[in-house]
Each structure stands twice: as C-alpha cells, then as structure tokens.
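Okay, structure first, notes after.
Heads up: numbering here begins at 1 and tracks the sequence.
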Amino acid sequence: MEWILYADNYILDFIQRVFRCDILDFVMPYITLLGENGILWIILGISLLFYKKTKPMGISILMALMIGFVICNLTLKPLVARVRPYDANGFEGLLVKALSDYSFPSGHTLASFEMAVCVYMFDKKYGIIALIIAALIGFSRLYLYVHYPSDVIFGAVLGIFIGYFSSYIVNKRFSQCS
C-alpha cells in the first residue's frame with residue numbers, strides 16, 4: 001500500500017513541476033467547477049427529461065448520480081477517510097478553497113464519468129465530448145492538488161461502471177416499453 005502513496009505523490013509532484021503555469025492556474029479552477037457537487041450534471045439530467053428522445057439519457061444520468069452519491073459520498077469517503085494531499089503533504093499552492101471532506105475517491109471525477117458514459121451510451125458524438133470533459137475535470141483535481149491520482153483513477157473507473165450500469169438498466173426498461 002505504501003507504494004501507491006509513493007506513486008501518487010510522485011505523480012502529483014511531477015504535475016506541479018511540469019504543468020504548473022499561469023494559464024493553467026487560471027483555467028483549472030474553472031474546469032474543476034464544472035464538476036462541483038454534480039450540479040451541472042443534475043441540471044443536464046433534469047433538462048433531458050423534458051424531451052421524449054432524450055428522456056432515457058436524462059433518467060440514466062440522474063440514476064447514475066444517485067448511485068454514485070450513495071457509494072462515494074455516503075459510503076467510501078467516510079469509510080476510507082483518506083486525508084487530502086494538500087493536508088498530508090503541507091502543500092501551500094492551493095488555488096481553490098480547502099475542502100472539508102475526504103479525498104478517496106474523487107467525487108468530481110466519479111460524477112463526471114457517470115454523466116459522460118451515460119451520454120456516450122445514448123449518443124456517441126456527444127459522448128466523446130463528455131468523456132473529454134470528464135477527463136479534464138479529473139486532471140484538474142490533480143493539478144489543483146486536491147486529490148491523489150489513485151482517487152481520480154478509482155473515481156473514473158467507478159463512474160464508468162455506474163454510468164454503464166445505469167444506461168443498461170434504463171435501455172432495458174425503455175426497450176421493454178416499446
């Protein structure tokens with residue numbers, strides 16, 4: 001387990017050494033804001049409910065977000081109770097407000113990949129764009145030093161799984177109704 005922490009810290013330090021610049025210091029807090037509390041994804045899911053063609057996608061997104069919230073925020077974060085990297089490493093270059101919850105897994109990344117996979121399962125073209133946005137949000141969490149790489153990777157993998165599961169269930173249900 002110690003090797004994961006070593007790799008996590010090595011990657012975080014690498015990102016700070018190689019990528020840190022004024023432009024990204026300005027842009028990354030805005031990119032990470034896209035995933036804040038899943039609000040944008042909730043609004044997207046609700047707005048898709050109003051159109052017959054996109055209703056299954058909206059249901060799938062909202063279902064995935066609810067499942068992810070229970071698994072991530074209510075279960076894994078308090079169970080694992082991993083301290084955020086800026087606290088553990090005494091990082092002082094924080095560009096966003098310090099957070100009060102735990103680090104593992106990354107909720108921003110989880111919700112973003114849940115949404116992106118749900119979109120992809122219903123519309124490949126927009127799904128690819130959504131997956132790129134989800135990846136950028138995941139990277140922003142590393143750049144901003146608020147998550148370890150393993151938090152982001154686990155959040156992405158879990159988000160992909162939950163997004164696929166939700167889309168599968170919704171597709172199956174809607175195909176039975178047709």
Side-chain angles (χ1 to χ4, degrees), residues 8 12 15 24-50 54-88 91 93-123 126-127 129-167 169-170:
D8 276 343
L12 282 177
I15 289 169
L24 291 180
D25 283 359
F26 177 77
V27 171
M28 285 299 164
Y30 290 106
I31 290 174
T32 213
L33 198 57
L34 293 173
E36 195 70 25
N37 296 315
I39 296 297
L40 187 59
W41 311 145
I42 293 167
I43 292 168
L44 173 65
I46 291 170
S47 65
L48 292 170
L49 296 177
F50 293 104
T54 59
K55 188 174 186 173
M57 186 191 310
I59 293 170
S60 179
I61 290 170
L62 294 172
M63 179 189 301
L65 292 172
M66 286 188 283
I67 293 168
F69 178 77
V70 170
I71 292 173
C72 176
N73 295 68
L74 299 181
T75 307
L76 288 175
K77 280 188 184 265
L79 187 66
V80 175
R82 188 177 198 188
V83 175
R84 294 206 177 253
Y86 57 80
D87 284 330
F91 182 76
L94 210 54
L95 299 171
V96 293
K97 189 179 118 198
L99 302 162
S100 60
D101 65 344
Y102 294 112
S103 185
F104 183 87
S106 169
H108 278 68
T109 307
L110 174 79
S112 299
F113 273 94
E114 287 168 342
M115 174 280 304
V117 168
C118 289
V119 172
Y120 184 83
M121 296 300 290
F122 290 93
D123 187 314
Y126 289 115
I129 294 167
L131 286 166
I132 291 168
I133 292 168
L136 285 171
I137 290 170
F139 180 76
S140 77
R141 305 307 282 167
L142 301 175
Y143 184 89
L144 296 170
Y145 218 89
V146 294
H147 280 290
Y148 292 102
S150 56
D151 301 342
V152 170
I153 291 166
F154 189 84
V157 169
L158 187 58
I160 289 167
F161 175 77
I162 293 170
Y164 179 81
F165 173 77
S166 296
S167 297
I169 296 298
V170 170

**Heavy-atom neighbours of Y102 OH exceed 12 at 6.0 Å** = no

**Request:** Working to the nearest 0.5 Å, report the span between CG of L49 and CD1 of I61.
**Result:** 9.0 Å

**Prompt:** If we only count heavy atoms from C-beta on, is the L44 to M115 side-chain gap below 4.5 Å?
**Reply:** yes

**Fill in**
Between C72 and L110 the two heavy atoms that sit nearest each other are CB-CD2, 3.3 Å

**Message:** Side chains of F113 and L158, heavy atoms from C-beta outward: is any pair under 4.5 Å?
**Reply:** no

**Request:** May I ask you to test the Y148-I153 pair for a side-chain heavy-atom distance under 4.5 Å?
**Result:** no

**Request:** Evaluate side-chain contact (heavy atoms from CB on, under 4.5 Å) for D123 paired with M57, printing each intermediate quantity in order.
**Result:** CA-CA 9 Å; D123 187 314; M57 186 191 310; 4.2 Å; yes

**Prompt:** Can you tell if the side chain of P85 reaches within under 4.5 Å of the side chain of F91, non-hydrogen atoms only?
**Reply:** no

**Request:** Could you tell me whether the side chain of F139 reaches within less than 4.5 Å of the side chain of M28, counting heavy atoms only?
**Result:** yes

**Asked** Can you list the steps and then say if L76 with F154 is a side-chain contact (heavy atoms from CB on, under 4.5 Å)?
**Response** CA-CA 11 Å; L76 288 175; F154 189 84; 3.7 Å; yes

**Request:** Hey, could you give me the CG/CD1 distance between L34 and I39, rounded to the nearest 0.5 Å?
**Result:** 12.5 Å

**Request:** Give, for atom CE of M63 and atom CD of E114, the distance between the pair rounded to the nearest 0.5 Å.
**Result:** 12.0 Å

**Asked** Would you say M121 and Y164 make side-chain contact, with heavy atoms under 4.5 Å?
**Response** yes

**Asked** When rounded to the nearest 0.5 angstrom, what is the spacing between CG in L65 and OG in S112?
**Response** 9.0 Å

**Request:** Could you tell me whether the side chains of S60 and S166 share a donor-acceptor contact shorter than 3.5 Å?
**Result:** no

**Fill in**
In short, I59 meets V170 closest at the heavy-atom pair CG2-CG2, 3.8 Å

**Prompt:** Would a distance-only check, ignoring hydrogens and angles, find a side-chain to backbone donor-acceptor pair under 3.5 Å from Y86 to L99?
**Reply:** yes

**Request:** Go through the steps for V146 and L94 under the test side-chain contact (heavy atoms from CB on, under 4.5 Å), then give the verdict.
**Result:** CA-CA 8 Å; V146 294; L94 210 54; 4.0 Å; yes

**Request:** Measure the spacing between CD1 of I129 and OH of Y120 and express it to the nearest 0.5 Å.
**Result:** 12.5 Å

**Request:** Verify, without hydrogens or angle tests, whether S103 (side chain) and H147 (backbone) share a donor-acceptor contact under 3.5 angstrom.
**Result:** no

**Prompt:** Would you say T109 and R141 make side-chain contact, with heavy atoms under 4.5 Å?
**Reply:** yes

**Request:** Measure centre to centre between the rings of F122 and Y126, then say whether the value is under 6.0 Å.
**Result:** no

**Complete:** SG of C118 to CG of L62, rounded to nearest 0.5 Å, is 9.0 Å

**Nearest atoms (heavy-atom pairs only) where D87 meets V83** = CB-CG1, 3.6 Å

**Item:** Derivation and outcome, side-chain hydrogen bond (donor to acceptor under 3.5 Å, both in side chains), residues S150 and R82
**Value:** CA-CA 11 Å; S150 56; R82 188 177 198 188; 2.8 Å; yes

**Request:** Look only at the side chain of K77 and the backbone of P105, and say whether a donor-acceptor pair between them is shorter than 3.5 Å.
**Result:** yes

**Asked** Which of these, I15, D8, D151, sits in a side-chain contact (heavy atoms from CB on, under 4.5 Å) with L142?
**Response** I15

**Message:** Quick check: do P29 and L144 have side-chain heavy atoms less than 4.5 Å from each other?
**Reply:** yes

